[in-house]
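Written out below as C-alpha cells is the structure these notes cover.
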Amino acid sequence: MKKYSLQNIIIYFCANEYINNTKLFYLIFFLLLLAPFPVHSQNSLYLVDTLTGTATNNKLMKAIGIGDMNGDGYADFVICYQQYIDLYYGNPQFKLKLAHRFYIPPQSPYFGGGAYAIGDVNGDGYADLMIISGDTTYIPTHPYWEIILGGKELDTIPKFTYWPPYYWGMMPNALIYPLGDLNGDGYNDFAIASQYNWDDGIGRVYIFKGGKTLVSTPWAAFKGTLADMFYGSTVAGIGDHNNDGYDDFLISVTSNEHDSDKVYMFLGNKDAISSIPYKTFVPPTIRFIWEVKPAGNLNGKGKKDFIISTADKVYIYTSNDDPIVFDPYRFGGDGSASIGAGGDINNDGYDDYIIGNFDYLNADSGMVGDAIGFWGGETININNPAFKMEGDKKWFYYAKFIDIAGDINGDGYADVFVIQESYPDFDHLLGKLFIYSYSKITDVKAQDNKTTPSKFELNQNYPNPFNPSTTISYQLPFNSKVSLRIFDILGKEIATLINEEKDAGSYKLNFNADKYRLSSGVYFLEIKISGVNSGSTPYHKAIKMLYLR
C-alpha cells in the first residue's frame with residue numbers, strides 16, 4: 001500500500017475543496033506549516049581534502065576504496081602515483097594518515113599506480129589488496145601481480161605473487177572490481193586482466209579462486225579475438241544476477257573500430273565457468289565503452305545493478321535487461337562520461353551514482369569538468385541531480401575517474417573520490433584528488449587522544465620495509481615494566497631499546513638501522529610487559545620488520 005505524507009493529504013483535500021469551514025482550513029494550514037517537509041540535500045558535497053602528484057614523473061593517477069583492510073570498522077583506501085602506491089586507513093577524524101607506501105620498480109612505466117581491491121580472498125574477515133608491478137629485466141617490462149593480505153596488524157610483505165608464464169607479453173589493466181564468491185565456497189574470487197598482449201594484440205582475463213591457500217593456476221581463462229581489440233578493459237563482479245546462489249561478473253570489450261563494443265555477462269558456478277557468455281549487452285552507440293562498474297543496490301530490489309559508461313551516454317541496468325539511458329549532454333557535458341557507483345552517499349538505504357563529464361563547460365565557457373550525483377530510490381532518477389561539483393582549473397580533466405570509496409570516517413555516509421586526471425605526456429598536469437563527504441567533517445566528534453589505552457598493544461612498525469629508520473609504537477593501559485628488544489633471524493639480540501618502568505599511555509620511538517650497522521633482512525621486534533602494581537598477566541608479543549638497504 002502506498003504511503004502518503006501529511007502534506008500530501010492536506011494539499012489533496014484543499015485542492016479538491018473538501019474543506020469549506022474557514023477556521024478548520026486555517027487550523028490545518030497551520031499544521032501544514034509545522035509538519036516536516038522532505039529535506040533536500042545541499043547542492044554540493046563538502047570538500048574534505050585534496051592531494052596532488054609530486055612531480056612530472058610521479059603524477060597522481062588514481063584513488064580507490066579497498067574496504068576495511070585492518071578490521072577497525074572504517075573503510076580504507078589507496079592513492080596511486082606513478083612511482084608508488086599509498087595505503088591509508090580510515091579513522092573518525094578523517095585524517096589522511098599514511099599507513100604504508102608500496103614502491104613501484106622505477107623502470108615499470110606501464111604499471112604506475114596499478115592497484116585494485118579484490119575483497120577478502122582468504123576468508124579471514126579483512127579486505128585484501130592487489131598491486132601490479134613489473135619485472136625490469138625485460139623490455140617491454142613484464143608485469144607481475146602481488147597480493148597484500150589485510151589483517152589487524154599491517155604486514156607489507158606480499159603473501160602471494162603471480163608471475164609468468166601466464167603473463168608474458170601482458171599489459172595489465174587496473175580497472176578490475178571485486179568479483180564476489182563465484183563458486184560458492186565462501187571465499188571471494190578475483191581476476192587478473194590484460195586488455196592487450198604484446199605478442200598477438202589479444203586481451204585476456206584470468207579468474208582465480210580465493211581460499212586459505214592461494215594458487216597460481218587460473219580457475220578459468222578467457223581470451224578475446226582480434227576483432228575485440230581491447231578484451232577485458234573492465235572486469236566487474238555484480239552479485240548473483242540469476243539467483244542461483246553464485247555471484248556473476250562482467251567483462252567489457254572496447255574496440256578502436258567502435259563497432260564491436262559490448263559487455264559480456266558470465267555466470268558463477270560451483271565446478272566451472274562457461275566460456276560462452278550468459279548475456280551480451282550492446283549499448284546502441286558507435287562510441288566506445290569507457291568502463292563498467294557495479295552499482296550496488298540503486299532501487300532497493302537487490303544488489304544486481306551495474307552501469308556501463310560510454311563516450312557519449314551512460315546505461316544503467318537494474319533488475320531487467322532494458323537500461324535506463326542517461327545523456328550527459330543534457331547537463332552541459334560533451335560526452336566522455338565517467339561513473340562512480342556502489343555506495344550510499346546520503347545514508348537513505350539506497351546506493352547512489354555519480355556521472356562525471358570532464359568536457360563540461362562552466363558559466364565562463366571554460367572546460368573545467370564536473371561531477372553530478374543522483375540519489376538511488378524505488379524510481380531511478382536521471383533528471384534532477386542531487387549535487388554537483390566542478391573542477392578548479394581549465395583543461396585539467398576534472399572527473400576523469402570517480403570512486404565511491406566507502407565510509408572512511410564512520411559517520412554513516414559513503415565518501416567520494418574525484419580525480420582531476422594527469423596525462424603522462426602533459427608535464428603541467430600532475431593529477432589531483434578531491435575527497436568529498438555528504439556531511440561536514442566538523443560534525444564528527446573527535447576522539448580524545450589523551451584517553452588512557454584500554455589494552456596492551458605493540459603496533460606494526462612504520463614504515464615497513466624501512467631504510468634506514470622506522471617508527472615503533474606501543475600502548476600501556478596502566479603503569480608497567482617494559483622490555484623492548486630487537487633480534488635477528490637467528491635469534492641473536494641486536495638492540496635493547498627499552499628496559500624500564502613506564503606510565504600508562506601511548507608511546508612512539510624511532511629505530512635507526514644505521515646505528516647498528518645492520519644488513520638487509522628480516523628482524524624481530526619483541527615486547528614484554530608486566531604490570532607494576534596491578535598483578536596483571538604479563539604481555540608478550542613479537543612482530544617482523546624488514547630492513548632494505
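Index from 1, following the sequence. Below, each value reflects all heavy atoms present in this structure, side chains not excepted, and no hydrogens, waters or symmetry copies.
- Of all heavy-atom pairs between D128 and V121, the closest is OD2-N, 2.8 Å.
- Minimum interatomic distance between P172 and S194 (heavy atoms only, all atoms of both residues): N-OG, 4.2 Å.
- The backbone N or O of Q93 lies less than 3.5 Å from no partner atom in the side chain of N409, so there is not a single donor-acceptor pair.
- Qualifying ring pair (Phe, Tyr, Trp, His ring centres under 6.0 Å) partners for F434, counting only residues two or more places apart in sequence or in other chains: Y398.
- The CZ atom of F249 lies 6.0 Å from the CZ atom of F266; values are rounded to the nearest 0.5 Å.
- Scanning for side-chain contact (heavy atoms from CB on, under 4.5 Å) contacts around Y350 gives D348, E378, with sequence neighbours left out.
- Note: Y162 and F208 meet the aromatic proximity criterion, with ring centroids under 6.0 Å apart.
- Under a 3.5 Å cut-off, the side chain of N173 and the backbone N or O of Q195 do not form any donor-acceptor pair.
- With sequence neighbours excluded, no residue forms a ring pair (Phe, Tyr, Trp, His ring centres under 6.0 Å) with Y436.
- Not one N or O on the side chain of D248 forms a donor-acceptor pair closer than 3.5 Å with the backbone of D240.
- No donor-acceptor pair closer than 3.5 Å links the side chain of D370 to the backbone N or O of M389.
- A cation-pi arrangement is present between K293 and F401, with the terminal nitrogen or guanidinium carbon under 6.0 Å from the aromatic centre and inside a 45° cone about the axis.
- Ion pairing between a basic and an acidic side chain is recognised when a charged N comes within 4.0 Å of a carboxylate O; D392 and K432 show such pairing.
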### Task
Run the numbers on I345 and I404 for side chain to side chain contact (heavy atoms under 4.5 Å, CB included), then give the verdict.
CA-CA 8 Å; I345 299 172; I404 301 178; 3.9 Å; yes
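- N70 places no side-chain N or O within 3.5 Å of a backbone atom of D68 that could act as its donor or acceptor partner.
- Residues passing the side-chain contact (heavy atoms from CB on, under 4.5 Å) test with K152 are Y126, K455, E457, sequence neighbours excluded.
- T52 meets the side chain to side chain donor-acceptor pair (under 3.5 Å) test with no other residue; sequence neighbours excluded.
- Looking only at side-chain heavy atoms (C-beta outward), I316 and L298 come within less than 4.5 Å of each other.
- The shortest side-chain heavy-atom distance between D76 and Y88 does not fall under the 4.5 Å cut-off.
- L47 and I435 get closest at one heavy-atom pair: CD1-O, 3.5 Å.
- Scored by the side chain to side chain donor-acceptor pair (under 3.5 Å) test, D124 finds N122 as partners (sequence neighbours excluded).
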### Message
Walk me through whether D305 and T318 qualify under side chain to side chain donor-acceptor pair (under 3.5 Å).
### Response
CA-CA 4 Å; D305 308 330; T318 55; 5.0 Å; no
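- Expressed to the nearest 0.5 Å, how far CG of D415 lies from CG of D49 amounts to 12.0 Å.
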### Residue pair Q83, N57: steps toward the side chain to side chain contact (heavy atoms under 4.5 Å, CB included) verdict
CA-CA 8 Å; Q83 297 181 6; N57 64 345; 3.3 Å; yes
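- Remark: L250 CG to Y317 OH distance equals 10.0 Å, nearest 0.5 Å.
- You'll find the side chain of W375 reaches within 4.5 Å of the side chain of F387, heavy atoms only.
- Checking side-chain atoms of T470 against main-chain N and O of P463 turns up a donor-acceptor pair under 3.5 Å.
- To the nearest 0.5 angstrom, D411 atom CG is 5.0 Å from S437 atom OG.
- Of the possible polar contacts, none joining the T161 side chain to the E146 backbone as a donor-acceptor pair under 3.5 Å is found.
- For D247, the salt bridge (Lys or Arg N to Asp or Glu O under 4.0 Å) criterion is met by no residue, not counting sequence neighbours.
- When all heavy atoms are compared, the tightest approach of I372 to P385 is CB-CB, 4.3 Å.
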### Message
Test side chain to side chain donor-acceptor pair (under 3.5 Å) on S473 and N459; report intermediate values, then the result.
### Response
CA-CA 6 Å; S473 61; N459 302 311; 3.0 Å; yes
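- Annotation: the span from L149 atom CG to D120 atom CG amounts to 9.0 Å, rounded to 0.5 Å.
- In terms of heavy atoms, N357 sits closest to P328 at OD1-CB, 2.9 Å.
- In this structure Y187 satisfies the ring pair (Phe, Tyr, Trp, His ring centres under 6.0 Å) test with no other residue, sequence neighbours excluded.
- The side chain to side chain donor-acceptor pair (under 3.5 Å) search around S469 returns none, not counting sequence neighbours.
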### Message
Walk me through whether Y74 and I408 qualify under side chain to side chain contact (heavy atoms under 4.5 Å, CB included).
### Response
CA-CA 5 Å; Y74 304 98; I408 294 173; 6.0 Å; no
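- Side-chain atoms of S309 come within 3.5 Å of backbone atoms of A337 as a donor-acceptor pair (strictly under, hydrogens ignored).
- Legend: residues meeting ring pair (Phe, Tyr, Trp, His ring centres under 6.0 Å) with Y177, ordered by chain and number and at least two apart, are absent.
- Residues I307 and V292 have side chains not in contact (no heavy-atom distance under 4.5 Å, counting atoms from C-beta outward).
- Judged as a side chain to side chain donor-acceptor pair (under 3.5 Å), and not counting sequence neighbours, T156 has no contacts.
- Shown here are the side-chain contact (heavy atoms from CB on, under 4.5 Å) partners of Y103, two or more places apart in sequence or in another chain: Y84, R101.
- V235 approaches A191 most closely through the heavy-atom pair CG1-CB, 3.9 Å.
- If you look at Y413 and Y46, their ring centroids are not closer than 6.0 Å.
- Between V418 and V416, the closest side-chain pair of non-hydrogen atoms falls below 4.5 Å.
- Here the side chain of N297 pairs a donor or acceptor atom with the backbone of K301 at under 3.5 angstrom.
- Counting only heavy atoms from C-beta outward, the side chains of K400 and Q420 never approach each other to under 4.5 Å.
- Considering CG of L51 and CD1 of I79, their distance stands at 4.5 Å, rounded to 0.5 Å.
- With hydrogens and angles disregarded, a donor-acceptor distance shorter than 3.5 Å links the side chain of N464 to the backbone of L546.
- At least one side-chain heavy atom of I207 sits less than 4.5 Å from a side-chain heavy atom of L179.
- Counting heavy atoms from C-beta on, the side chains of I85 and I131 come closer than 4.5 Å.
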### Task
Report the C-alpha distance between F374 and F326 in whole Å, list the side-chain angles of each, state the deciding distance to 0.1 Å, and finish with yes or no for ring pair (Phe, Tyr, Trp, His ring centres under 6.0 Å).
CA-CA 11 Å; F374 297 83; F326 178 90; 5.3 Å; yes
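- More than 12 heavy atoms of other residues, nucleotides or ligands sit less than 6.0 Å from atom NZ of K159.
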